[in-house]
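The structure appears right after this line, and notes come after that.
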Amino acid sequence: MIDLKDLRENPEAYRQAAMQKRIDVNIDRLLELESKHRAIEIERQQITAEKNQIGKQIGQMAGKLKKAPPTEQAALQEEMKKLQARPTELKAAEQKLEAEAGALWPQIEAILLRMPQPADPEVPVGKDDSENVELRKWGTVRQFDFQPKDHIALGTELGMLDVDRGVKLAGSRSWFLTGAGAMLHQAVLRLAMDLMIERSFVPMVVPVLVREGAMRGTGYFPLGREQSYEMSNEEPPVFLVGTAEVALTAYHMDEILDGKSLPRKYVAMSPCFRREAGTYGKDTAGLYRIHQFDKVEQVIICRNDVEESKRWHQEILGNAEAVLQKLNLPYRVVQVCTGDLGQGQAAKYDIETWMPSRGGYGETHSASRFYAFQARRLNLRYRDADGKTKICHTLNNTVIASPRILIPIMELCQNADGSITVPEALRGYMGGMERIGK
RNA sequence: GGAGAGGUGACAGAGUGGUUGAAUGUGCCGGUCUCGAAAACCGGUUGGCCCGCAAGGGUCACGGGAGUUCGAAUCUCCCCCUCUCCGCCA
């Protein structure tokens with residue numbers, strides 16, 4: 001959520017931000033409705049103030065009445081009756097204005113919840129992911145001296161992957177990992193988890209079924225609601241999260257944290273669920289785009305300071321790179337342009353890992369910084385050294401997401417005989433297994 | 001799922017219709033004392049929104065919402081959550 005006051009003062013900045021992010025919001029309408037709402041509120045408050053004041057007088061009189069000698073009670077009661085007439089009148093006016101303001105607010109909120117966080121000035125302007133800017137590359141892309149197989153063929157032949165039965169049981173974009181495939185999956189996740197714990201992130205196990213408030217607070221609702229699975233036989237309904245970011249970021253929702261306790265660094269491994277609505281025909285084969293996967297996610301909650309946010313952004317990016325380097329996977333880091341930023345993101349780096357079967361780099365990580373966008377929606381604040389309460393900043397990044405990351409691992413580590421060499425960093429998590437063969 | 005109890009400020013915990021945004025304690029901040037610290041003592045300390053350059057003023061909030069009333073933390077209704085007991089169960 002953006003700051004309404006700031007919007008009022010700099011509407012142009014937000015108009016531009018919405019344009020750059022290609023989000024269609026009616027800012028003029030929002031400003032108009034909001035100013036109307038405020039005018040009504042001001043009037044209503046004045047009426048309420050008068051009403052309350054008289055109410056107080058009546059209260060004081062009631063106190064006197066109790067102690068007064070019987071001879072004076074009749075007069076006091078008479079006076080009280082007179083006083084009671086005015087608040088009754090005021091109440092009618094008050095209720096009318098309340099109703100007007102109440103009717104306006106949902107309209108304001110509907111637009112407000114769609115307002116995008118302006119991109120940071122450093123973010124390159126661009127229309128979509130084709131205009132993202134490559135920042136650096138790491139590792140060397142393997143040149144094969146034989147015809148390499150893709151992960152589907154490898155996985156199926158080696159008994160690691162069973163897409164057919166996955167689809168039979170659960171529909172398209174579903175899968176089974178079997179045997180060494182399941183082991184590899186868990187090994188990668190544990191490697192990532194251990195690395196983050198070593199880097200003093202607090203490990204958590206989190207709910208993946210959450211209320212609407214957590215989804216809205218983290219910015220996944222209302223835009224993007226159609227990407228989530230809804231459990232509508234619960235009242236109120238609950239939703240399957242698409243990432244542990246939701247629970248980790250919303251963990252301190254509605255709290256005022258001690259500024260001294262910041263930053264908070266959290267990491268969690270969780271299943272993630274995505275409907276992938278509107279992606280029919282896109283990345284249909286294999287483990288790239290699927291409805292359910294497991295991910296280790298890192299979240300940082302820090303002070304309201306742009307420079308500090310930027311520093312943590314580099315740190316969480318570095319954490320993810322460290323995992324890929326341990327796995328010896330070639331990747332590149334991309335700065336995402338304005339048109340490819342999500343609603344709440346002020347800046348984002350994607351890490352793309354080389355995937356032979358795609359003949360290019362495929363997104364495996366996404367590091368976002370939100371400034372106060374999520375925290376404002378979550379009512380997530382802290383008390384600073386000066387005693388003032390401020391809205392936190394939040395950031396997050398993938399540490400590892402599997403099975404997608406198995407694509408480069410399997411494809412890059414394959415051998416001419418159809419076997420796969422287990423990356424050294426994972427062997428300890430696989431009972432010392434060095435090679436996956438038939 | 002059934003029965004009962006309860007949800008109050010950073011935390012603990014009073015408060016059952018009126019001048020209570022809320023006693024008290026803890027914590028936190030400032031001060032006195034001290035070489036310094038602890039203890040003790042004194043003072044301060046809820047948040048949101050609106051008006052205002054500011055000083056200040058107004059309003060809302062005692063789980064959430066609706067209602068009764070001139071007036072609600074206190075009464076009524078609905079919902080959410082927690083705890084205890086019973087049932088079911090990984």
Side-chain angles (χ1 to χ4, degrees), chain A residues 1-9 30-31 33-68 73 76-106 108-109 112 205 207-217 231-239 247 250-262 264 271 301 304 372 375-392:
Chain A
M1 188 121 64
I2 58 145
D3 182 3
L4 248 181
K5 260 185 231 158
D6 194 44
L7 171 68
R8 257 187 259 142
E9 283 159 22
L30 174 60
L31 288 168
L33 288 171
E34 196 273 331
S35 98
K36 215 188 267 180
H37 182 266
R38 193 147 32 95
I40 294 170
E41 272 299 296
I42 290 168
E43 197 186 338
R44 204 220 80 223
Q45 282 190 15
Q46 285 166 350
I47 291 172
T48 308
E50 190 187 342
K51 197 190 77 173
N52 287 348
Q53 212 201 338
I54 298 172
K56 251 181 204 170
Q57 285 174 24
I58 295 172
Q60 284 168 0
M61 211 173 277
K64 264 192 226 159
L65 189 62
K66 272 186 200 154
K67 293 177 204 154
Q73 284 193 356
L76 272 170
Q77 250 158 6
E78 190 61 28
E79 207 179 323
M80 212 152 103
K81 274 229 178 78
K82 265 187 224 158
L83 272 176
Q84 280 170 2
R86 179 68 178 152
T88 310
E89 282 167 37
L90 291 171
K91 207 164 124 179
E94 188 189 25
Q95 279 173 342
K96 184 174 152 268
L97 291 170
E98 235 165 48
E100 282 174 34
L104 239 35
W105 187 250
I108 294 168
E109 200 178 34
L112 195 55
V205 178
V208 294
L209 217 37
V210 302
R211 291 268 178 84
E212 171 137 12
M215 296 300 274
R216 201 179 37 210
M231 308 291 129
S232 54
N233 60 348
E234 282 295 324
E235 185 51 43
V238 286
F239 304 85
Y251 183 60
H252 293 294
M253 180 164 74
D254 291 323
E255 290 184 38
I256 300 176
L257 301 169
D258 183 349
K260 278 177 267 179
S261 74
L262 298 177
R264 302 285 184 108
I301 299 167
N304 191 311
R376 187 174 286 112
R377 286 176 169 232
L378 287 165
N379 194 27
L380 164 54
R381 295 168 293 171
Y382 69 100
R383 200 175 309 281
D384 213 346
D386 59 11
K388 292 216 167 76
T389 59
K390 296 177 184 164
I391 299 171
C392 298

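What you see is a predicted model; the values in this text were computed from it and never measured. In what follows, every chain begins at residue 1, and chains take the letters A, B, ... in the order their sequences are listed.
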Any salt bridge between E41(A) and R38(A), counting N to O under 4.0 Å? no

Can you give one letter per nucleotide of nucleotides 47-60 of chain B, going 5' to 3': B for a protein heavy atom under 4.0 Å from the base, S for sugar-phosphate only, - for none? SS-SS------BSS

Counting only side-chain nitrogens and oxygens, does K56(A) get under 4.0 Å of the OP1 or OP2 atom of U20(B)? no

Using the P atoms only, state how far A73(B) lies from A66(B), rounded to an integer number of Å. 14 Å

Taking atom P in both U82(B) and G27(B), compute the distance separating them and give it to the nearest angstrom. 31 Å

Mind listing the residues from residues 81-90 of chain A sitting with a heavy atom below 4.0 Å of RNA chain B? Number order is fine. Q84(A), P87(A), T88(A)

Please give the distance between the P atoms of U34(B) and C50(B) as a whole number of Å. 49 Å

P gap between U26(B) and G13(B), integer Å: 15 Å

Residues in ring pair (Phe, Tyr, Trp, His ring centres under 6.0 Å) with F239(A), at least two apart? F221(A)

When you compare A12(B) with U20(B), how far apart are their P atoms, in angstrom units rounded to a whole number? 26 Å

Identify the nucleotide, in any strand shown, that forms a Watson-Crick or G-U wobble pair with U32(B), with both distances under 3.5 Å; if there is none, say none. A40(B)

Between A22(B) and C79(B), how far is it from one C1' atom to the other, in whole Å? 26 Å

Write down the distance separating the C1' atoms in C77(B) and U69(B), rounded off to the nearest Å. 16 Å

